[in-house]
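Per chain, numbering begins at 1; letters A, B, ... match sequence-line order. Keep in mind that this is a model prediction, so the values were computed, not measured. Excluded from the calculations below are hydrogen atoms, water molecules and symmetry mates; all remaining heavy atoms, backbone and side chain alike, are included.
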Number of protein chains: 2
Amino acid sequence: MASPTSGPKRSTIKDVAKKAGVAISTVSLVMNGKGFVSNETSTRVLNVAKQLNYVPRQAARKLPMQSTGNIGFVLRADHFARSEPFYTRIFLGTEFEAHFHGLYVLLTTIPQKFDASLHTPRFLQERNVDGVLIAGKVDSDFIESIAGARIPLVLIDYQLKDHPAVVIDNQQGAKLAVEHLVSKGHEDIAFLGADMLHPSLKERLEGYRIGLNDARLGKPSCEIVSDQGEPDYGTGFELSQQIFECSKRPTAVFCANDSIAMGLLDQAASQGIRVPEDLAVVGFDDVAREDHFRPSLTTVRVYKEQLGELAMKYLNELMAGFPATYPNFERRSHIVRVPTELIIRESS
Amino acid sequence: MASPTSGPKRSTIKDVAKKAGVAISTVSLVMNGKGFVSNETSTRVLNVAKQLNYVPRQAARKLPMQSTGNIGFVLRADHFARSEPFYTRIFLGTEFEAHFHGLYVLLTTIPQKFDASLHTPRFLQERNVDGVLIAGKVDSDFIESIAGARIPLVLIDYQLKDHPAVVIDNQQGAKLAVEHLVSKGHEDIAFLGADMLHPSLKERLEGYRIGLNDARLGKPSCEIVSDQGEPDYGTGFELSQQIFECSKRPTAVFCANDSIAMGLLDQAASQGIRVPEDLAVVGFDDVAREDHFRPSLTTVRVYKEQLGELAMKYLNELMAGFPATYPNFERRSHIVRVPTELIIRESS
DNA sequence: CTGAAAGCGCTTACAG
DNA sequence: CTGAAAGCGCTTACAG
């Protein structure tokens, strides 16, 4: 009786070698395009391999190669289950690039508060990955534990010390947003953000301030910068009340991200304030979904798949032990910065 | 101090055997709790293993065991990147259960229209999985290609022929929804759905009709059942116009899912129809996110993580070649049906 | 350019 | 109850 997975039987390197009349080492060389094999032998082997439907078993390859062919993709469970497809898109980009390199991606989540003794991903204990990708803000203990284990790692949309990271060019994006509002004639542009200790959000605030400065605008009448809370819809809804209590109401608001902007949009609506007539709103991320009710959101688009792709590429270099160049991206030391694009819609 | 990974070197079964003064086969037996090893030897080995921080290498185990320890999780890319965290939650449940069994989950997406020669997941070509989980509606060619390769598979929230599947008890959920509306005094309850060829949605329609029948209600004045389109917000928004054009306007609508219900909610709002006063609305899935603007949605909650967990359990049985029982779940032939729960909120 | 051989780290009959 | 040995399917020096 045939084994469950295999049909008649799966052919191995031996079968190919025998049928092609060569040694298994030659088959191996051919399959991997290594060493010098005569053209004739090579094509013969390749043909036989095709005929026999031979595909090298990964488990067998990995043992002598002392690698696993797997890379771990880690993010916080609450981020993964978030409603906007932000991290899922990043993952998709990673997957795509990994496929290209013949690597598998093991997606694993960790809780917000990481405890090494409880939550260490199994692929780490079993050393079943060659490298790790970490998306979003995660407990620094976790990051350090990976680094401490000397496993190559790349952070995505987050930064910690000198760990390699692929990030959004937040500052550039924020400047784009401000410039746009300025060009629309706004002179009092507020900021609204939470969780502002997050490096990415901090950069957006900086870009915003630079933008104001470049336009020679004075201090805005209102700048809501909370270090607390998650930068989400609920927080945006609540915090934005403060905007309507400011000494003078701004004519435009740049939000730290789309979720917060959505909260602001709804708060404005509930107070009878029209967008964009009474108040222009710009977000960041481009994750707002279709909605026939709210004005569609002007935002700074983040290329999420691209973030994932670049991170995977970067990690691959790290694992291979050699550096590469990123023609179209700014790369300062250990940071790859991915540019954004302004998407103008109804809210501004 | 040496890090476990790469310090001087990672300890192997040999190191443990030598230090414990036994053969490597004994170590293997102990680590896997197999065979009969004296208590004394066993604890000694275990202690040494702990001391040496020994963790068996997966790649090395899998070779002689002729298994991979991986299971593939496949879903459509457009489903994965959807805004509601429906499939991501299912995946989380899968991951959780897989972890428990010492299995890894490889998440891969395929396009809506599957072409075997272009999109066959690599883990299939390389036979790098012991089983496959498929979530949501995917091209039947894909499903058949897995089955044809004799790889154990379990469908989640979808059905095709006699393939094993873990599904939502859609009919029961729909009945719950209708009963609730009836208890609120509604006598003219409409239905709104798209992509109604989907088995799950078809079941919801059936449950709805059974519910009407049980309550001895006549034909509703309106039943919008489209076979086309995706069952999403946009479709819901458009289709729901028909409801307001019906001969008589129903007093309540049961929607095929939450996304459609959200579309209806917004269409109603744009026409100045109050929910729930003028129109009660009930959805299905429980994926609507926080929103301070629309009335919160009464819905039939689906336990997404549980779907994933059960599917993984089921697949595990299939891979092991023996069946098990599901004490709390109806299991008819190859189908495991997971019950739902009615969540009453503002929209009804 | 190609073959024979050792080895990756483990599991599993098979003898004791 | 425990050890010696074969083998999983491949890669990679090392000789020719």
Side-chain angles (χ1 to χ4, degrees), chain A residues 3-6 9-46 48-49 52-70 102 125-130, chain B residues 4-6 9-46 48-49 52-70 102 125-130 320:
Chain A
S3 84
T5 21
S6 51
K9 76 161 174 269
R10 208 171 143 204
S11 43
T12 73
I13 195 170
K14 259 187 193 161
D15 303 325
V16 178
K18 192 161 56 182
K19 184 147 187 186
V22 298
I24 63 167
S25 47
T26 304
V27 177
S28 174
L29 259 17
V30 171
M31 295 305 290
N32 295 301
K34 285 185 181 172
F36 294 80
V37 180
S38 72
N39 237 305
E40 192 194 9
T41 310
S42 181
T43 55
R44 183 153 36 95
V45 168
L46 251 18
V48 173
L52 262 42
N53 214 312
Y54 169 65
V55 183
R57 283 198 84 215
Q58 284 309 301
R61 293 197 64 199
K62 295 315 175 187
L63 229 202
M65 292 179 78
Q66 291 289 79
S67 78
T68 68
N70 299 328
Q125 302 172 202
E126 296 174 349
R127 292 293 185 281
N128 208 181
V129 292
D130 301 334
Chain B
T5 353
S6 63
K9 72 165 173 262
R10 203 171 146 204
S11 44
T12 73
I13 196 169
K14 258 188 195 160
D15 303 325
V16 178
K18 192 162 56 184
K19 184 147 187 186
V22 298
I24 62 166
S25 48
T26 303
V27 176
S28 174
L29 258 17
V30 171
M31 294 305 290
N32 295 300
K34 285 185 182 172
F36 294 79
V37 181
S38 71
N39 237 305
E40 192 194 8
T41 310
S42 182
T43 54
R44 181 153 39 94
V45 168
L46 252 19
V48 172
L52 262 43
N53 214 312
Y54 169 64
V55 183
R57 284 197 84 215
Q58 285 310 300
R61 293 197 64 199
K62 294 317 173 186
L63 231 202
M65 291 180 78
Q66 290 288 80
S67 77
T68 68
N70 299 329
Q125 301 172 202
E126 296 175 349
R127 290 288 187 284
N128 208 179
V129 293
D130 301 332

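- For the OP1/OP2 pair of C:dG9 and a distance below 4.0 Å, the side-chain nitrogens and oxygens of A:Gln66 include at least one atom meeting the criterion.
- For the pair A:Leu29 CG and D:dG9 P, the computed distance is 20 Å after rounding to whole Å.
- Closest approach of A:Ala23 to A:Ala17, counting heavy atoms only: C-CB, 3.9 Å.
- For D:dG9, neither phosphate oxygen OP1 nor OP2 lies less than 4.0 angstrom from any side-chain nitrogen or oxygen of A:Lys14.
- The backbone N or O of A:Asn39 lies less than 3.5 Å from a partner atom in the side chain of A:Thr43, making a donor-acceptor pair.
- Remark: P of C:dG9 and CG of A:Asn128 are 14 Å apart, rounded to the nearest angstrom.
- Of the possible donor and acceptor atoms, none in the side chain of B:Ser42 sits under 3.5 Å from a partner among the backbone N and O of B:Val37.
- For B:Ala23, whose side chain is taken as the heavy atoms from C-beta onward, the closest listed nucleotide among D:dC10, D:dA4, C:dT11 is D:dA4.
- Within the structure, every side-chain polar atom (N or O) of A:Ser28 is placed at least 4.0 Å from both OP1 and OP2 of D:dC10.
- Taken to the nearest 0.5 Å, the OG1 atom of B:Thr41 stands 11.0 Å off from the CG atom of B:Leu29.
- Between the side chain of B:Asp15 and the main chain of B:Thr12, a donor-acceptor pair closer than 3.5 Å is present.
- The neighbour count for A:Gln66 CD, taken as heavy atoms of other residues, nucleotides or ligands under 6.0 Å away, is above 12.
- Regarding contacts with the backbone of C:dT2, a side-chain N or O of A:Thr41 is found under 4.0 angstrom from either OP1 or OP2.
- To the nearest 0.5 Å, atoms CD (A:Gln58) and CG (A:Asn70) are separated by 9.0 Å.
- Here the P atom of nucleotide D:dC8 and the CD1 atom of A:Ile13 are 13 Å apart, to the nearest Å.
- OP1 and OP2 of C:dT2 both lie 4.0 Å or more from every side-chain N or O belonging to A:Thr26.
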Pairing pattern in dot-bracket form [Watson-Crick, G-U; both distances under 3.5 Å; | = partner strand] for DNA chain C: |||.||||||||.|||
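- In this structure, B:Pro56 and B:Arg61 approach most closely via the heavy-atom pair CB-CD, 3.9 Å.
- Atoms CG (B:Asn39) and P (D:dT2) sit 10 Å apart, rounded to a whole Å.
- Across the protein-nucleic acid pair, A:Phe36 atom CZ and D:dA13 atom P stand 15 Å apart, rounded to whole Å.
- Residues B:Ile24 and B:Ser38 each lie close to DNA chain D; by heavy-atom proximity, the contact nearer the 5' end of the strand is made by B:Ser38.
- The phosphate of C:dG3 (OP1 or OP2) has no side-chain N or O of A:Ser25 nearer than 4.0 angstrom.
- One distance of note links NZ of B:Lys34 with OG of B:Ser28; it measures 7.5 Å at 0.5 Å rounding.
- Following rounding to the nearest Å, A:Lys34 (NZ) and C:dT2 (C1') show an atom-to-atom distance of 17 Å.
- B:Thr12 comes within contact range of the sugar-phosphate backbone alone, with a heavy-atom separation under 4.0 Å but no base atom that close.
- Using a 4.0 Å heavy-atom cutoff across all strands shown, A:Val27 reaches no nucleic acid atom at all.
- Between the side chains of A:Thr68 and A:Asn128, not a single donor N or O lies within less than 3.5 Å of an accepting N or O.
- A:Met31 places its CE atom 13 Å from the C1' atom of D:dG9, with the value rounded to the nearest Å.
- Within residues 55-65 of chain B, the residues that have a heavy atom under 4.0 Å from DNA chain C are, in order of number, B:Pro56, B:Arg57, B:Ala60, B:Arg61, B:Leu63, B:Pro64, B:Met65.
- Atom CG in A:Asn32 sits about 13 Å away from atom C1' in D:dG9, given to the nearest Å.
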